[in-house]
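To start, the structure under review is shown below, and the notes come after it.
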Amino acid sequence: MTLDEKIGMVRGVGQFSSRCVGNISPPSRSFVVSGTNITIPPLCFNDGPAGIRLGGSNVTGFPPAINVAATFNRSMMYARGVAIGEEFRGKGIHVYLGPAVDIMRNPKAGRGWEGFGPDPYLGGEGAYQTIMGVQSVGVSACTKHLGPYNQEHWRYGLNVNVDDRTFRELYWWPFMKSVEANVSALMCAYNQVNGTSSCHNAALIGEEGYLRSEGFQGFVVSDWGATHDSAADNANAGLDMEQPGDYILIGGGVYAGLEAAVDLGEVTGARLNEMVTRILTPWLRLGQDQGFPETNFNAQDPDGTDALNLNVNVRTDAHTALVRQIGSASAVLLKNNRTTSTATGTTIRGLPLSKSIKTIAVVGQDAQQLNLDCGGGLNECNDGTMIIGWGSGSNNVEFTVPPIDAITDFVQDFATVSSDITSNDLTGGPAVAEGKDLAIVFANAMSGELGFYNIVDGNEGDRNDLDLWWKGGSLIEDVAAVCNNTVVVIHSVGPVPMSSWNNHPNITAIIYAGAPGEQTGPALIDVLWGAVNPSGRLPFSIDDDEASYGTSIVYGIDPFPVIDYTEGLFLDYRYMDSQDITPVYEFGYGLSYTTFSYSSLSVEASASSASFSFVLTNTGSVEGAEIPQLYLGFPSSAGEPDKVLRGFDNIFLASGEKQTVTVTVSQKEMSIWDVVSQAWVVPSGTFNVYIGASIKDIRLTGTFTI
Ligand code: BGC
């Protein structure tokens, strides 16, 4: 390639000239390499992590990562990756801008739902499975955002100070697992880390940095406009590609000076060759040079009406079914007070619902269809049901089946539905609920990405507080006051306060459904009427008080704040455990329509791996899946939190069935990051092993000594 051609490979084409969210300008000629004719297309980069955004019509609205995390089910994580990859491929997108693996450091973090929550192990498993799935169909994944990048306010310039060990063990862990999955690309973040902007931070992305020393062979691309330095600074620090290529209010456009920097010898020709090689290698490795569909949409046209937008249908019945399946598998049953009338034997309260329930009230605007035409592809509205947050991590919500439609349709032969759902009306809602056999009350909380102009009900990306929106808590209380069989459904991007109503005797069940994607209504039906036995588990702890999480969002400091991650390894349940805080519902918690017992733990451990076997039995009367979780307690000298998640499985058992379950922990998973030797080290001493149904519901314990 000529110098010009190489520069075209590493620079975006500009935000308004880009047919995808990002493109490059490839050489206009073909090359013959080892007898094969190679023509490089204008590589297409597109959002988002939960399926296609701005790809024209006919795409599936997958649930975001926080919900697939709540399934604790690796095969579902993988299947979602495959399905997303198939849709990206069908639209001719070479690089999927996901997974997002940013740790939910604080529950109000605007983009917390785009990732897998506050636990690094769960995030690492989610990242690994997603990438393996996406890349199995020949689409490159791009893990983001390195980072750490954990709040929206001031993201374009805030500085995160984080120590080496905390970084490696927490924020880096899902990136490390991405490298293990051979991820094609990695996106550096807007903010600074330890005093240097991420895309100019050689300690992160340079030859000697974290990423390359873990064996990463793909390319590093900037977040959109996240270059704040100069062509030589960024290229020499390790940035292989700049997107979208021009200046966009906050930064960008520095590679306009790359050619001059190479001419002047500030960037060597060898470095430029390396940048091009790293971009082309995954393209070839995944076979995108042969038979890859041409890009068939125009991201500049959110409505999908432009002639370049062919609106190719990439939806399939299997994708729709998978979204519904993840929706029900990620629903977390938080409370279920089941009572059966002794006189007739008919179930009258609690879940699953029976067809003997004849009058149903549906209350709350979260039950109604969302605004399908909102925010030009960014979903920046919350006036209907909440299925995903807003911003670049959103997707096309066109095919959403809201709860009200699904319920009305499902019960039409056996019950009547009355509803009050156009707003959260504290008079109308209870009036409809009064005297009904059942009231289902919906409430939500939403968050998203910081935009330039987009403030949704006063929230600039990060949530202003943990509260339910639109007086949702009051609505729940007022409905519960008049209906003694009230079922609460929460759609939220993260924890919300519950203790003012969760113990109300008239609230017979609570489902935390998270952000379930487009098949939200049908997925809920499956859980409510028992076609699916719930097995979702909380991927974070739920508490009323933000102080219980030990971190905060920095809102109001100008110029850009410095945020010291002084809490170290202690986030969410790790922090609560260390402070003896009992949350309202803890990490890993979730009920089932059946019960499980755990017995006969055996431990086999050496310094290179450990395996733990036990017998799991379904002791209840219906089939269902249990999520056994393994928490490790490191030797006290190691300075780790008391218990850290290091394993889980998803085991489906018929009533009465038992199975021996084995969970293995690798050497790295038994290690801490030793800052002195700069290595993963298994600490010597006695480890405690805790196996159970949540961080607080430990059923079996053991020890081993290294
Ligand atoms: C976001 C990225 C996204 C990019 C392109 C940025 O503002 O931070 O996550 O991939 O835009 O839309």
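The figures that follow rest on heavy atoms only: side chains count, while hydrogens, waters and symmetry mates do not. Note that ligands are numbered from 1 as they come in the structure, with each ligand's atoms numbered from 1 the same way.
Near Met187, meaning under 4.0 Å from one of its heavy atoms, ligand 1 places the atoms 10 (O). Counting the atoms of ligand 1 from 1 in the order shown, those under 4.0 Å from a heavy atom of Arg53 are 12 (O). The atoms of ligand 1 that sit less than 4.0 Å from any heavy atom of His145 are 2 (C), 8 (O), 9 (O). The Arg111 neighbourhood of ligand 1 comprises atoms 1 (C), 2 (C), 8 (O), 9 (O), with distances under 4.0 Å to a heavy atom of that residue. Heavy-atom contacts of Leu97 reach the following atoms of ligand 1: 10 (O) (cutoff under 4.0 Å). Set against the non-hydrogen atoms of Lys144, the atoms of ligand 1 under 4.0 Å away are 2 (C), 3 (C), 9 (O), 10 (O).
In this model, a donor atom of one side chain and an acceptor atom of the other lie less than 3.5 Å apart for Asn106 and Glu546. At a cut-off of 3.5 Å, with distance as the only test, no side-chain donor of Thr551 or Glu567 sits close to an acceptor on the other residue.
Between Glu114 and ligand 1 there is no heavy-atom distance shorter than 4.0 Å. Under a 4.0 Å heavy-atom criterion, Gln243 is not in contact with ligand 1. Assignment of Arg155 to the shell around ligand 1 is supported, since a heavy atom sits closer than 4.0 Å. For Phe45, the closest heavy-atom approach to ligand 1 does not fall below 4.0 Å.
Distances between N or O atoms of Trp224 and those of ligand 1 include no value under 3.5 Å. For the pair Tyr149 and ligand 1, the shortest N or O to N or O distance does not fall below 3.5 Å.
Taking only non-hydrogen atoms, the option from Asp223, Leu54, Ile248, Val21 nearest to atom 6 (C) of ligand 1 is Asp223.
Remark: side-chain polar atoms of Gln135 are not paired, donor with acceptor, to backbone N or O of Leu286 under 3.5 angstrom. For Ser492 (side chain) and Gly494 (main-chain N/O), a donor-acceptor pair under 3.5 Å exists by modelled atom type. Under the 3.5 Å distance criterion, the side-chain polar atoms of Glu125 are left unmatched by any main-chain donor or acceptor of Arg74. The backbone N or O of Ser18 sits less than 3.5 Å from a side-chain atom of Gln300, completing a donor-acceptor pair.
In terms of protein heavy-atom proximity, atom 12 (O) of ligand 1 is nearest to Asp47 OD2, 2.5 Å.
Remark: of the listed residues Phe45, Phe88, Phe62, Phe88 is the sole one forming a ring-ring contact (aromatic ring centres under 6.0 Å, His included) with Tyr96.
Counting only heavy atoms from C-beta outward, the side chains of Tyr549 and Pro495 approach each other to under 4.5 Å.
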